[in-house]
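Index from 1, following the sequence.
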Amino acid sequence: MNDYSFLIDGKKIYSEKTLVYYDLPLLFVCYDNENNKYLALCTDSDELSYILVMTSPERIIDMLDQKISMDCIFKESTHKWRVKSENSGDIVKIVNSFEDDELPEKGALFSLVDVSNKQYLK
């Protein structure tokens, strides 16, 4: 088992905060060794497929505070990847955009299930 979640462009991406969990982390915040922030969304839990974007702590807070929709944070990023995790390593593809069926529902706001999410990054 690796001590990191993904390997993107030679950078180890570590899980920092799970926002939604159901049998495995579905939506979670990550960071790299340069403290860049990422948001990852599991799009297929059987295949361990994810979409991942580099974002800022401020945009994550905006999402948690329901100032922006969850799909917005994935659409607005200029650094986007599709990742399929396999035992032999991650299969990573740089993308310009995501398919609508990969994204959270258009306009859907993050709902606080866990109050610790509200305090995250504040």
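A donor-acceptor pair under 3.5 Å is absent between the side-chain atoms of Ser49 and the main chain of Thr43, judged by distance alone. Counting only distance, with no hydrogens or angles, the side chain of Asp44 and the backbone of Asp46 share a donor-acceptor pair below 3.5 Å. In this structure a side-chain-to-backbone donor-acceptor pair under 3.5 Å is missing from Lys75 to Leu103. Formation of a donor-acceptor pair under 3.5 Å by the Tyr21 side chain with backbone atoms of Asp23 is found in this model. The main-chain N or O of His79 is found under 3.5 Å from a side-chain atom of Ser77 such that the two form a donor-acceptor pair. Remark: side-chain polar atoms of Ser56 are paired, donor with acceptor, to backbone N or O of Arg59 under 3.5 angstrom. Lys80 places a side-chain N or O within donor-acceptor distance of the main-chain N or O of Asn96, the cut-off being under 3.5 Å.
Across all their heavy atoms, Ala108 and Asp71 have their closest contact at N-OD1, 4.3 Å. Nearest heavy atom pair, residue Ile13 against residue Cys30, reads CG2-CB, 3.4 Å. Of all heavy-atom pairs spanning Asp90 and Ser5, the tightest one is OD2-O, 3.8 Å.
When the shell of 6.0 Å around CD of Glu86 is examined, it contains more than 12 heavy atoms from other residues, nucleotides or ligands.
You'll find the side chain of Lys93 stays beyond 4.5 Å of the side chain of Lys84, heavy atoms only. Taking 4.5 Å as the limit, every side-chain heavy atom of Tyr38 sits out of range of all side-chain heavy atoms of Ile8. Residues Met70 and Met63 meet the side-chain proximity criterion, which asks for heavy atoms closer than 4.5 Å. Taking the side chain as every heavy atom from C-beta outward, Leu27 and Phe110 approach each other to under 4.5 Å. In this structure, Phe28 and Leu19 have side chains that are not in contact, with every pair of non-hydrogen atoms separated by 4.5 Å or more. Between Lys37 and Glu16, some side-chain heavy-atom pair lies under the 4.5 Å cut-off. For the pair Leu39/Phe74, a side-chain contact is recorded, criterion being any heavy-atom separation below 4.5 Å from C-beta on. Inter-residue side-chain proximity for Glu102 and Arg82 is flagged as met; some heavy-atom pair is nearer than 4.5 Å.
Of the charged side-chain nitrogens involved, at least one lies within less than 4.0 Å of a carboxylate oxygen, so that Asp32 and Lys11 count as a salt-bridged pair.
Once rounded to the nearest 0.5 Å, the distance linking OG1 of Thr55 with CD1 of Ile61 reads 10.5 Å. Rounded to the nearest 0.5 Å, atoms CD1 (Ile73) and CD1 (Ile68) are 4.5 Å apart. Here the straight-line distance linking atom CG of Asp62 with atom OG of Ser69 works out to 11.0 Å at 0.5 Å rounding.
Criterion: ILVMFWY side-chain heavy atoms under 4.5 Å apart, direct or through other members. Under it, Leu109 and Val53 are not part of a common hydrophobic cluster. Under the 4.5 Å side-chain heavy-atom criterion for ILVMFWY residues, a single connected hydrophobic cluster contains both Ile94 and Val83. At a threshold of 4.5 Å between side-chain heavy atoms, the hydrophobic network of Ile, Leu, Val, Met, Phe, Trp and Tyr places Leu24 and Leu52 in one connected group.
The six-membered or imidazole ring of Phe6 lies near that of Tyr50, with a centre-to-centre distance under 6.0 Å.
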